[in-house]
Amino acid sequence: MSETKEFDKIKSLMSVDNLIFGIGQVSELLGVSTRQLRYWEQQGYIESLESPKGSSRQFNLKNLIKIFHIKHFQNEGYTLQAAVKKGQKIEKQFPILKDFLRNRVEDIIPTEDGGKVDFGFLDDDKTKHIYGVVDKDGYHFKIVKEK
DNA sequence: CTTCTCACA
DNA sequence: TGTGAGCA
């Protein structure tokens, strides 16, 4: 087997799409009854990977996260429909947040009582360095003037 | 022991 | 918005 083929195999093994959970696992993991999961799927809120007809349902990570969110918002007191909508909103926000973090966060520096997030410079002259600070008092931004 | 579907509230 | 029964 060629090296690229080997690499593809490893990549495929590590791919989140290949993290599959059985309905029982999901139920135990997230505290949602197997019956609920089938019901939610029947209502079209989630979907399972059902290649072999009539065989047991399997869920990928995407749907595991969906289920997690629905359960979460139901616990907060939302109806099933509202919980699904809340989950969809989070799922739309998440890639944007990820993109922001990937492109704007330069570094994360742990400290004794928390840490600080380096957001880089505010200006092109690179004189105002902005940090997001997490410490025992909470969260705040700090602008450090360089030279 | 698990998951499935169907009937029922 | 789900559950219990009863089958495979």
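Each chain gets a letter, A, B and so on, in the order the sequences are listed, and its residues count up from 1.
More than 12 heavy atoms of other shown residues, nucleotides or ligands fall within 6.0 angstrom of atom CD in Glu91(A). Heavy-atom contacts from other residues, nucleotides or ligands closer than 6.0 Å to CD of Glu47(A) number 12 or fewer. Counting non-hydrogen atoms of neighbouring residues, nucleotides and ligands closer than 6.0 angstrom, the CZ atom of Phe68(A) reaches no more than 12 such neighbours. Residue Glu146(A) places its CD atom among more than 12 non-hydrogen atoms of other residues, nucleotides or ligands, all under 6.0 Å distant.
Per the geometry, CD belonging to Gln36(A) stands 11 Å off P belonging to dG4(C), to the nearest Å. A straight line from CD of Glu28(A) to P of dT2(B) spans 9 Å, rounded to a whole angstrom. Between the CZ atom of Phe21(A) and the P atom of dT3(B) there is a distance of 14 Å, rounded to whole Å. Between the OH atom of Tyr78(A) and the P atom of dG2(C) there is a distance of 16 Å, rounded to whole Å. Taking atom CZ of Arg38(A) as the reference point, atom C1' of dA5(C) lies 13 Å away to the nearest angstrom. Rounding to whole angstrom units, CG of residue Leu37(A) and C1' of dC4(B) are separated by 14 Å. As a whole-Å value, the separation of Leu80(A) CG from dT3(C) P is 12 Å. For the pair Lys71(A) NZ and dG2(C) P, the interatomic distance rounds to 9 Å; values are reported in whole Å.
For the pair Asn63(A) and Lys66(A), the minimum side-chain heavy-atom distance is below 4.5 Å.
Between Phe119(A) and Phe100(A), the ring planes are tilted. Angles from 30° to 60° get that label.
Proximity note for Arg35(A) (side chain, C-beta onward) versus dC6(B), dC4(B), dG2(C): the nearest is dC6(B). For Arg57(A), taking side-chain heavy atoms from C-beta onward, the closest of the listed nucleotides dG2(C), dC4(B), dA7(B) is dC4(B).
For Ser33(A), a side-chain nitrogen or oxygen approaches OP1 or OP2 of dT3(C) to under 4.0 Å. OP1 or OP2 of dG2(C) sits under 4.0 Å from a side-chain N or O of Gln74(A). At the phosphate of dG2(C), OP1 or OP2 sits under 4.0 Å from a side-chain N or O atom of Trp40(A).
At distances below 3.5 Å, at least one donor-acceptor pair connects side-chain atoms of Ser27(A) with backbone N or O atoms of Val32(A).
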Margin query: Taking Watson-Crick (N1-N3 plus N6-O4 or O6-N4) and G-U wobble (N1-O2, O6-N3), each under 3.5 Å, can you produce the dot-bracket string of DNA chain C? Use [ ] for crossing pairs and | for inter-strand ones.
Written below: ||||||.|
